[in-house]
Amino acid sequence: MKTTVIDVHTGRREAVHDITAACAEFARDASGGGDGLLHVFVPHATAGVAVLELGAGSDDDLLAALADLLPADSRWRHAHGSRGHGRSHVLPALVAPFTVLPVVGGRLALGTWQSVALVDLNVDNPDRQVRFSFQ
């Protein structure tokens, strides 16, 4: 298995951060042009990985849907940090902290409009890591 970790700066706002290019680059290099599986994992209790269309409003729609499902208010028992921080700890139950992607001929086998995104509602932690593993 080949693995690496990249650093992603998501800032102090809720973010859907496109990591598709980094995934594709690692898959190309790690696969040597062959086939396999790319595992993408965020080792954080308050972030997730999603495969969806980006740049056509879907990223904003995802953040709006998550705001409806997980409001940033005082209802959360996990209550340190910024207002509503506890919702960030529920996020990985809805947006898993990992995904597995097929690699064929050294290229990600994503659909036409699919991208890979780091989803981060935690405004208290602007820096994230993402682990890529290829087998």
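Throughout, numbering of the chain's residues begins at 1 and tracks the sequence. Just so you know, these numbers come straight off a predicted model, no measurement behind them.
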Using 0.5 Å steps for rounding, measure from the [atom1] atom of [X] to the [atom2] atom of [Y].
X      : Y      : atom1 : atom2 : answer
His39  : Leu101 : NE2   : CG    : 9.5 Å
Ser58  : Leu52  : OG    : CG    : 6.0 Å
Asn125 : Ser88  : CG    : OG    : 9.5 Å
Arg12  : Ser82  : CZ    : OG    : 9.5 Å
Phe132 : Glu25  : CZ    : CD    : 9.0 Å
Phe98  : Ser133 : CZ    : OG    : 12.5 Å

| Test log, rule side chain to side chain contact (heavy atoms under 4.5 Å, CB included), inputs Leu70 and Leu94 | CA-CA 10 Å; Leu70 305 170; Leu94 301 174; 3.9 Å; yes
| task | Please step through side chain to side chain contact (heavy atoms under 4.5 Å, CB included) for the pair Val16 and Asp120, ending with a clear verdict. | result | CA-CA 6 Å; Val16 176; Asp120 187 2; over 6 Å; no
Taking side chain as C-beta onward, heavy atoms only, is [X] less than 4.5 Å from [Y]?
X      : Y      : value
Glu53  : Ser115 : no
Val116 : Leu110 : yes
Asp127 : Val8   : no

Hydrophobic clustering (ILVMFWY, side-chain heavy atoms < 4.5 Å, transitive) - are [Y] and [X] grouped together?
X      : Y      : value
Leu62  : Leu118 : no
Val123 : Leu63  : no
Phe41  : Val49  : no
Val130 : Val119 : no
Leu37  : Val104 : no

What are the two closest non-hydrogen atoms of [X] and [Y], and how far apart are they?
X     : Y     : value
Pro92 : Pro97 : O-CD, 3.9 Å
Ser31 : Ala27 : OG-O, 2.7 Å
Val95 : Ala50 : CG1-CB, 4.2 Å
Leu38 : Phe26 : CD1-CD2, 3.6 Å

| message | Please check: side-chain N/O of Trp76 versus main-chain N/O of Pro71, any donor-acceptor pairing under 3.5 Å? | response |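 Such a contact is found between Trp76 side chain and Pro71 backbone.
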| Where the side chain of Lys2 meets the backbone of Ala30, is there a donor-acceptor pair that is under 3.5 Å apart? |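 Here the side-chain-to-backbone pair exists.
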| query | Without hydrogens or angle criteria, can the side chains of Thr3 and Arg131 be said to hold a donor-acceptor pair below 3.5 Å? | reply |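 Present: a donor and an acceptor within the cut-off.
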| task | Indicate whether any N or O donor in one side chain lies under 3.5 Å from an N or O acceptor in the other, for Asp124 and His85. | result | yes
| message | As a test of understanding, state which of Asp7, Thr46, Thr10 forms a side-chain hydrogen bond (donor to acceptor under 3.5 Å, both in side chains) with Arg128. | response |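 Among the candidates, only Thr46 passes.
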| field | Of Leu108, Val51, Thr20, Leu54, the residue whose pairing with Gln114 passes side-chain contact (heavy atoms from CB on, under 4.5 Å) | value |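 Per the side-chain contact (heavy atoms from CB on, under 4.5 Å) rule, the option paired with Gln114 is Val51, out of Leu108, Val51, Thr20, Leu54.
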| task | Please assess Val42 against Gln129 for the test side chain to side chain contact (heavy atoms under 4.5 Å, CB included), listing each intermediate value before the final yes or no. | result | CA-CA 6 Å; Val42 292; Gln129 292 185 326; over 6 Å; no
